[in-house]
Amino acid sequence: MMTKHFFGDTVTLLGRSLRHITRSADTIITTTIMPISMMLMFVYVFGGAINTGSDSYVNYLLPGILLITIASGIAYTAFRLFMDMKSGIFERFQSMPTARSSVLWAHVLTSLVANLISLVVVVLVALLMGFRSGAGVAAWLAVAGILILFTLALTWIAVIPGLTAKSVEGASAFSYPLIFLPFLSSAFVPTATMPGPLRFFAEHQPVTSIVNAIRDLFTQQLVGTDIWIALAWCVGILIVAYAFAMNTYRRKIS
């Protein structure tokens with residue numbers, strides 16, 4: 001009964017959040033403009049000067065751009081959650097027979113839907129720029145699975161500042177380091193070109209393994225340990241972020 005109550009409440013609140021998204025479609029447009037602009041700049045301005053060993057720089061670049069798209073999109077999750085906290089809507093829901101965690105899950109699923117739309121738009125632009133992949137359905141589904149896990153992990157991280165921030169700026173500012181992290185990875189250039197300490201960091205941070213796994217799937221390369229490391233990072237971050245977010249939420253509503 002409780003499970004049915006939770007799912008029903010989550011679906012209802014998800015509909016509410018999605019209606020807010022459709023009324024302010026500029027949020028999705030905004031989150032796609034930055035990664036698309038970045039992709040255009042790197043491919044057409046810097047691409048000719050960067051040696052990646054790939055025939056097409058947009059093919060090399062796209063996995064990192066997809067992660068930047070997600071990192072920029074989750075800032076709006078923290079923003080929407082912060083605004084709900086300030087408006088008192090959480091207290092109103094608590095006074096109703098509503099499953100408490102369904103409020104957070106509605107925001108998380110809204111983030112997932114909005115980010116998937118942004119990712120599709122970015123891939124379509126990449127195709128117009130010359131991106132090509134011979135990957136089959138299974139490989140594309142594997143890429144989608146990794147991106148969904150990555151989105152959920154970052155979204156649960158976004159929930160924490162959304163609940164605890166003191167200002168709108170503070171709620172979304174946490175995403176800046178996450179957007180910057182792909183620059184210190186294999187997303188734009190091979191890590192072998194980096195100086196020693198930076199190369200060590202780049203090769204052992206989560207973005208590099210995720211980018212490498214997606215790149216191998218797109219190029220139909222034999223998928224090595226990168227995909228398992230990528231999945232371990234995504235699942236690990238998701239579990240830790242979810243635990244911290246739920247603990248923060250319980251403290252807030254108690």
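No hydrogens, no waters, no symmetry mates; every other heavy atom, side chains included, goes into these values.
- Y249 OH to L163 CG: the interatomic distance, rounded to the nearest 0.5 Å, is 8.0 Å.
- Of all non-hydrogen atoms in S167 and F82, the two that sit nearest each other are C-CZ, 3.5 Å.
- Distance alone, capped at 3.5 Å, is enough to place a donor-acceptor pair between the R132 side chain and the L127 backbone.
- A side chain to side chain contact (heavy atoms under 4.5 Å, CB included) with I70 is found for exactly one of V122, L154, I148, L152, namely L154.
- Transitive grouping of hydrophobic side chains (ILVMFWY, heavy atoms separated by less than 4.5 Å) keeps Y176 and M38 in distinct clusters.
- Taking 4.5 Å as the limit, some side-chain heavy atom of I214 sits within range of a side-chain heavy atom of L147.
- Ring geometry for Y60 against Y57 counts as parallel: the plane angle stays under 30°, on a 0 to 90° scale with 60° as the upper cut.
- Note that the CG atom of L62 and the CG atom of L119 stand 9.5 Å from one another [nearest 0.5 Å].
- For the atom pair OG1 of T32 and CE of M39, the computed distance is 10.0 Å after rounding to the nearest 0.5 Å.
- Across all non-hydrogen atoms, the minimal contact from H204 to W233 is O-CZ2, 3.8 Å.
- Between V121 and I36, the shortest heavy-atom distance links the atoms CG1-CD1, 4.1 Å.
- Put simply, the side chain of S118 gets close to the backbone of A114: a donor and an acceptor are under 3.5 Å apart.
- Side-chain atoms of N115 come within 3.5 Å of backbone atoms of S111 as a donor-acceptor pair (strictly under, hydrogens ignored).
- Ring planes of Y242 and W105: tilted class, angle from 30 to 60°.
- Using a 3.5 Å distance cut-off with no hydrogens or angles, the side chains of S186 and N212 do pair a donor with an acceptor.
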Checklist entry - Should L66 and V123 be marked as a side-chain contact (heavy atoms from CB on, under 4.5 Å) after you check the CA-CA gap, both sets of side-chain angles, and the distance that decides it? => result CA-CA 8 Å; L66 295 177; V123 170; 3.9 Å; yes
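- For the atom pair CZ of R215 and CG of D226, the computed distance is 10.0 Å after rounding to the nearest 0.5 Å.
- In the model, T191 has a side-chain atom that pairs as donor or acceptor with a side-chain atom of E203 under 3.5 Å.
- For N59 (side chain) and S133 (main-chain N/O), no donor-acceptor pair under 3.5 Å exists by modelled atom type.
- Checked by atom type and distance alone, the side chain of T208 pairs as donor or acceptor with a backbone atom of A202 at under 3.5 Å.
- Under a hydrophobic clustering in which Ile, Leu, Val, Met, Phe, Trp and Tyr are joined whenever their side-chain heavy atoms come within less than 4.5 Å, directly or via other members, F188 and V45 fall into the same cluster.
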Item to check | Worked verdict on T110 versus V113 for side-chain contact (heavy atoms from CB on, under 4.5 Å) | outcome: CA-CA 5 Å; T110 299; V113 172; 5.9 Å; no
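- Closest approach of T193 to V189, counting heavy atoms only: OG1-CG2, 3.9 Å.
- Note that the OG1 atom of T164 and the CZ atom of R251 stand 9.0 Å from one another [nearest 0.5 Å].
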Next on the checklist: side-chain contact (heavy atoms from CB on, under 4.5 Å) for F218 and V143? Distances and angles first, verdict last.
Outcome noted: CA-CA 8 Å; F218 277 154; V143 169; 4.0 Å; yes
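- Taking each heavy atom of P182 and A187 in turn, the nearest pair found is O-CB, 3.4 Å.
- Of the inter-residue distances, the one linking L238 atom CG with F150 atom CZ reads 12.0 Å to the nearest 0.5 angstrom.
- Here the rule is side chain to side chain contact (heavy atoms under 4.5 Å, CB included) with W156, and of L104, I74, I237, T77 only L104 fits it.
- Using a 4.5 Å cut-off between side-chain heavy atoms of Ile, Leu, Val, Met, Phe, Trp and Tyr, with links allowed through other members, V235 and V240 fall into different hydrophobic clusters.
- In this structure, F42 is a member of the same hydrophobic cluster as F180, with clusters built from ILVMFWY side-chain heavy atoms closer than 4.5 Å.
- Heavy atoms from other residues, nucleotides or ligands lying under 6.0 Å from CZ of F183 number more than 12.
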Item to check | Intermediate values then yes/no, side-chain contact (heavy atoms from CB on, under 4.5 Å), F200 and M194 | outcome: CA-CA 9 Å; F200 179 84; M194 300 177 182; over 6 Å; no
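- Using bins of under 30°, 30° to 60° and over 60° for the plane-to-plane angle, the ring pair W140/F131 lands in the perpendicular bin.
- By the criterion of side-chain heavy atoms lying less than 4.5 angstrom apart, applied directly or through intervening Ile, Leu, Val, Met, Phe, Trp or Tyr residues, L217 is not grouped with L141; the two fall into different hydrophobic clusters.
- Screening I229, I146, L149 for a side chain to side chain contact (heavy atoms under 4.5 Å, CB included) with I210, the sole residue that qualifies is I146.
- Closest approach of S72 to M34, counting heavy atoms only: CB-CE, 3.7 Å.
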